[in-house]
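Because the structure is predicted, anything quoted here is derived from the model rather than measured.
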Amino acid sequence: MAMFRRSRAPRRAFILLVAAAWLLFCTYMFHGVLEVQLNISDNAGAQEVPPTERQCSGLFASWCERHVAQYRAEAVRQGMMHAWQGYKSYAWGADEIHPKSKTAKTDIMGGAGIAGMGVSMVDALSTLKVMQLDQEFKEGRDWVVDKLNFERTTTISFFETVIRILGGLAAAHDLSGDPQLGAKAQDLADRLLPAFDSAPTGIIGNTVSLPLVQPDGGSGSTVLAEMGTNVLEFSAISSITGDDKYRRAAEKPLRAVHAANEHALMFEHVDRQTALETGSTRGVGAGTDSYYEYLIKYWVLGGRSDEHFRARWEAVVDDVLRKLIVSPPGWPFSFASDLQGDSLSPVLEHLRCFFPGSVALGVMSGAVQGPKAQLYLEFAANMTLACYQLYNSSASGLGAERISFDQQSGQLVISDGRYWQRPEVIESIFYMWRATKDKRWRDMGWRMWRAIEKHARWEGGYSGALDVDAVPPESDDVSQSWFFAETLKYFYLLFSPDSALSLQDWVLNTEAHPLRVQSGRQRGSRAAVRLKRQ
């Protein structure tokens with residue numbers, strides 16, 4: 001027996017030698033393939049192809065595609081560095097920047113949202129951290145800790161302040177473990193918390209004032225999205241502080257609305273005293289959008305443990321599939337529309353395009369199983385393809401605010417040609433990529449990014465455009481703070497490996513700020529999670 005074992009040793013060594021030689025050969029051939037793909041021939045001879053534009057095929061296609069994705073992720077990362085440098089040079093500490101004229105902008109949304117809080121600074125922090133731009137993150141972090149002060153008299157949008165500032169601070173803390181960022185987030189949360197005491201239902205009024213929100217009596221109604229888009233952020237503050245009062249306060253109005261209303265798919269307003277829905281339109285677009293988004297994300301954030309929110313989200317998606325689907329004649333897709341009375345609108349707006357991504361997230365997270373999961377994912381793919389037409393149909397390749405379809409012929413018309421740097425389409429493309437690993441989603445996203453680089457880049461950063469069907473389009477000379485927080489982050493994550501930000505461990509709020517998943521809703525200070533860069 002000993003002789004037999006000894007006789008097999010040289011054979012094993014030979015097999016290992018052959019395997020090593022084969023590995024070296026494959027590595028040599030793979031790099032050769034990549035080098036060949038750097039060049040194409042035209043009538044003028046050889047022309048260099050940028051590595052981001054390689055077309056991969058053959059035996060090493062999957063290796064090649066990963067390599068191309070790495071170059072594309074780095075291109076987006078360089079775009080973020082360019083935008084940050086413009087902001088640092090021409091608008092440091094301002095809310096936004098005019099990137100073409102290279103001047104500071106001292107509010108967002110014409111002053112109706114927030115003013116004087118360095119909104120782009122706070123919105124950029126989580127993207128800088130995810131991209132591992134550590135020096136730039138430190139620059140922004142130091143400004144926030146030293147300069148951002150909430151002890152000031154100003155009127156603000158509760159909704160915008162929560163998703164951008166509170167969410168941005170909480171995410172920066174979760175990603176870095178920096179206790180001073182956590183303390184800054186808690187400071188703001190304490191100033192906002194009394195808004196939930198205004199009405200017996202806990203439904204907030206959206207227009208409030210700092211330095212400390214005062215209860216306003218709770219009269220009138222509130223837009224559904226404005227009242228229902230804060231439970232992720234306040235739950236994160238409970239996790240940071242170990243005090244559950246923040247989460248309970250934000251969850252109370254949601255449960256009140258669910259108890260008062262039979263329909264899962266709701267009108268666009270709710271009465272603050274009764275929590276009853278009011279309005280005339282049922283849909284998932286502007287005015288309702290992020291309320292639905294937070295149903296599934298709150299379930300995921302809490303460790304997939306609260307059946308109430310998962311079931312409510314499932315009922316919403318079922319209602320959408322039964323009541324809101326529009327299938328334009330001659331097109332290979334459908335989308336969720338608005339229901340006004342008995343009529344479905346043929347308009348597809350950019351804001352509504354978050355919805356297929358949230359459906360894909362629900363499927364990936366196990367919120368539905370089996371045939372229903374397949375049905376949901378097919379719908380999500382269909383609607384994401386429809387949403388891509390906001391970009392694909394324009395002459396510049398930038399995304400329109402709205403398109404519409406003739407209900408008889410299916411003809412597509414750009415009904416609002418402004419480009420506002422919105423993230424919803426690339427957001428859903430990102431989730432579809434994560435859910436399916438179908439490379440067509442990455443290809444769509446790259447075509448969108450090339451258009452942004454070609455038509456929206458200026459010395460001071462990136463801007464929107466006034467008419468996406470004009471070439472070149474005229475700049476609106478505004479870089480929205482959400483471009484830092486959302487648009488750039490989703491483009492980067494689309495081309496990055498899953499380990500860049502695991503959806504098992506993180507939930508992105510509606511401003512794309514990553515909040516750490518809370519296992520069983522356990523509270524307490526959390527250590528920073530080390531992010532991997534490809």
**Item:** Step-by-step side-chain contact (heavy atoms from CB on, under 4.5 Å) determination, Met80 to Leu128
**Value:** CA-CA 8 Å; Met80 177 64 182; Leu128 292 170; 3.5 Å; yes

**Prompt:** Please walk me through it: do Asn509 and Glu293 pass side-chain contact (heavy atoms from CB on, under 4.5 Å)?
**Reply:** CA-CA 9 Å; Asn509 86 335; Glu293 177 186 357; over 6 Å; no

**Request:** Could you go through the side-chain contact (heavy atoms from CB on, under 4.5 Å) check for Asp406 and Val413 one step at a time?
**Result:** CA-CA 8 Å; Asp406 185 275; Val413 175; over 6 Å; no

**Item:** Working for side-chain contact (heavy atoms from CB on, under 4.5 Å), residues Tyr298 and Ser235
**Value:** CA-CA 9 Å; Tyr298 188 49; Ser235 187; 4.0 Å; yes

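Side chain of Asp95 to main chain of Met117: a donor-acceptor pair is present (N/O by atom type, distance under 3.5 Å, no hydrogens or angles). When atom types are taken as modelled, the side chain of Lys252 and the backbone of Pro200 share a donor-acceptor pair closer than 3.5 angstrom. Under a 3.5 Å cut-off, the side chain of Arg191 and the backbone N or O of Pro211 do form a donor-acceptor pair. Lys129 contributes no side-chain N or O that, together with a main-chain N or O of Leu125, makes up a donor-acceptor pair within less than 3.5 Å. At distances below 3.5 Å, not a single donor-acceptor pair connects side-chain atoms of Ser126 with backbone N or O atoms of Pro514. Counting only distance, with no hydrogens or angles, the side chain of Arg282 and the backbone of Leu339 share no donor-acceptor pair below 3.5 Å. At distances below 3.5 Å, not a single donor-acceptor pair connects side-chain atoms of Thr288 with backbone N or O atoms of Leu224. Asn206 places a side-chain N or O within donor-acceptor distance of the main-chain N or O of Phe159, the cut-off being under 3.5 Å. Side chain of Glu349 to backbone of Ala286: a donor-acceptor contact under 3.5 angstrom is found. A donor-acceptor pair is defined here as one N or O able to donate and one able to accept, closer than 3.5 Å; no such pair exists between the side chain of Ser365 and the backbone of Ala367.
One finds the CG atom of Asp271 at 6.5 Å from the CG atom of Leu276 (value rounded to the nearest 0.5 Å). Summarising the geometry, atom CZ belonging to Phe355 is positioned 8.0 Å from atom CG belonging to Leu324; distances are rounded to the nearest 0.5 Å. Atom CG of Leu166 is separated from atom CD of Glu511 by 12.0 Å, given to the nearest 0.5 angstrom. In this structure, the separation between CZ on Phe491 and CD1 on Ile426 is 4.0 Å, given to the nearest 0.5 Å. Atom CG of Leu351 and atom CG of Asp289 lie 6.0 Å apart (nearest 0.5 Å). If you take NE2 on His173 and CG on Leu515, they are separated by 11.5 Å, rounding to the nearest 0.5 Å.
Between Tyr462 and Tyr419, the distance separating the two ring centers is not shorter than 6.0 angstrom. The aromatic ring centres of Tyr391 and His350 sit less than 6.0 Å apart. Taking the six-membered ring where the residue is Trp, the centroids of Phe483 and Tyr87 are separated by 6.0 Å or more.
Listed by first then second residue, pairs satisfying disulfide (SG to SG under 2.5 Å) with a partner in residues 270-376 read Cys353-Cys387, not counting sequence neighbours. Every pair passing side chain to side chain donor-acceptor pair (under 3.5 Å) that includes a residue from residues 476-488 is listed here, sequence neighbours excluded: Ser101-Asp477, Asp123-Ser481, Arg164-Ser481. Identified under the side chain to side chain donor-acceptor pair (under 3.5 Å) test for residues 330-340, with sequence neighbours left out: Asp338-Arg352. A disulfide (SG to SG under 2.5 Å) check over residues 265-341, counting only residues at least two apart or in different chains, returns nothing.
Between Leu377 and Val363, the shortest heavy-atom distance links the atoms N-CG2, 4.3 Å. Contact between Ile237 and Ala170 at its shortest, heavy atoms only, is CD1-CB, 4.3 Å. Gly167 and Glu233 get closest at one heavy-atom pair: CA-CG, 3.8 Å. Across all non-hydrogen atoms, the minimal contact from Gly205 to Thr222 is CA-OG1, 4.0 Å. Taking each heavy atom of Asn230 and Ala250 in turn, the nearest pair found is OD1-CB, 3.4 Å. The two residues Ser358 and Ile296 have their closest heavy-atom pair at O-CG2, 4.2 Å.
For the residue pair Ser198 and Asp216, a side-chain donor N or O sits within less than 3.5 Å of a side-chain acceptor on the partner. Checked by atom type, the side-chain pair Thr510/Ser290 shows no donor-acceptor distance below 3.5 Å. Between the side chains of Asn392 and Gln389, at least one donor N or O sits under 3.5 Å from an acceptor N or O.
In this structure, Asp498 and Arg434 have side chains that are in contact, with non-hydrogen atoms separated by less than 4.5 Å. Contact check for Arg272 versus Met227: no side-chain heavy atoms found under the 4.5 Å cut-off. When side chains are defined from C-beta on, Val130 does not count as touching Trp506, because their heavy atoms never get closer than 4.5 Å. Side-chain contact between Thr201 and Pro253: absent, with no pair of heavy atoms (C-beta onward) separated by less than 4.5 Å.
Note on ring orientation: taking the six-membered ring where Trp is involved, the planes of Trp313 and Tyr376 are perpendicular (angle over 60°, cut-offs 30° and 60°).
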N/O donor-acceptor pairs under 3.5 Å from side chains in residues 257-266, not counting sequence neighbours:
{"residue": "His258", "atom": "ND1", "partner": "Leu254", "partner atom": "O", "Å": "3.4"}
{"residue": "His258", "atom": "ND1", "partner": "His308", "partner atom": "NE2", "Å": "2.8"}
{"residue": "His258", "atom": "NE2", "partner": "Tyr291", "partner atom": "OH", "Å": "3.0"}
{"residue": "Asn261", "atom": "OD1", "partner": "Glu277", "partner atom": "N", "Å": "2.9"}
{"residue": "Asn261", "atom": "ND2", "partner": "Val257", "partner atom": "O", "Å": "2.8"}
{"residue": "Asn261", "atom": "ND2", "partner": "Ala275", "partner atom": "O", "Å": "2.7"}

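In Lys147, the NZ atom is not crowded: 12 or fewer heavy atoms of neighbouring residues, nucleotides or ligands sit closer than 6.0 Å.
Salt-bridge formation is not detected for the pair Asp187/Lys184: no Lys NZ or Arg NE/NH1/NH2 atom is positioned less than 4.0 Å from an Asp or Glu carboxylate oxygen. A salt bridge is absent between Glu251 and Arg248; no separation between the charged side-chain nitrogens and carboxylate oxygens falls under 4.0 Å. Taking a cutoff of 4.0 Å between a charged side-chain nitrogen and a carboxylate oxygen, Asp174 and Arg516 do not qualify as a salt bridge.
Among Arg247, Arg255, Arg312, Lys297, the one residue that satisfies the salt bridge (Lys or Arg N to Asp or Glu O under 4.0 Å) test with Asp306 is Arg255. Phe335 pairs with exactly one of Phe379, Phe405, Tyr388 by the ring-ring contact (aromatic ring centres under 6.0 Å, His included) rule, that one being Phe405.
Residues forming a salt bridge (charged side-chain N to carboxylate O under 4.0 Å, His left out) with Arg152 (at least two apart in sequence, or on another chain): none.
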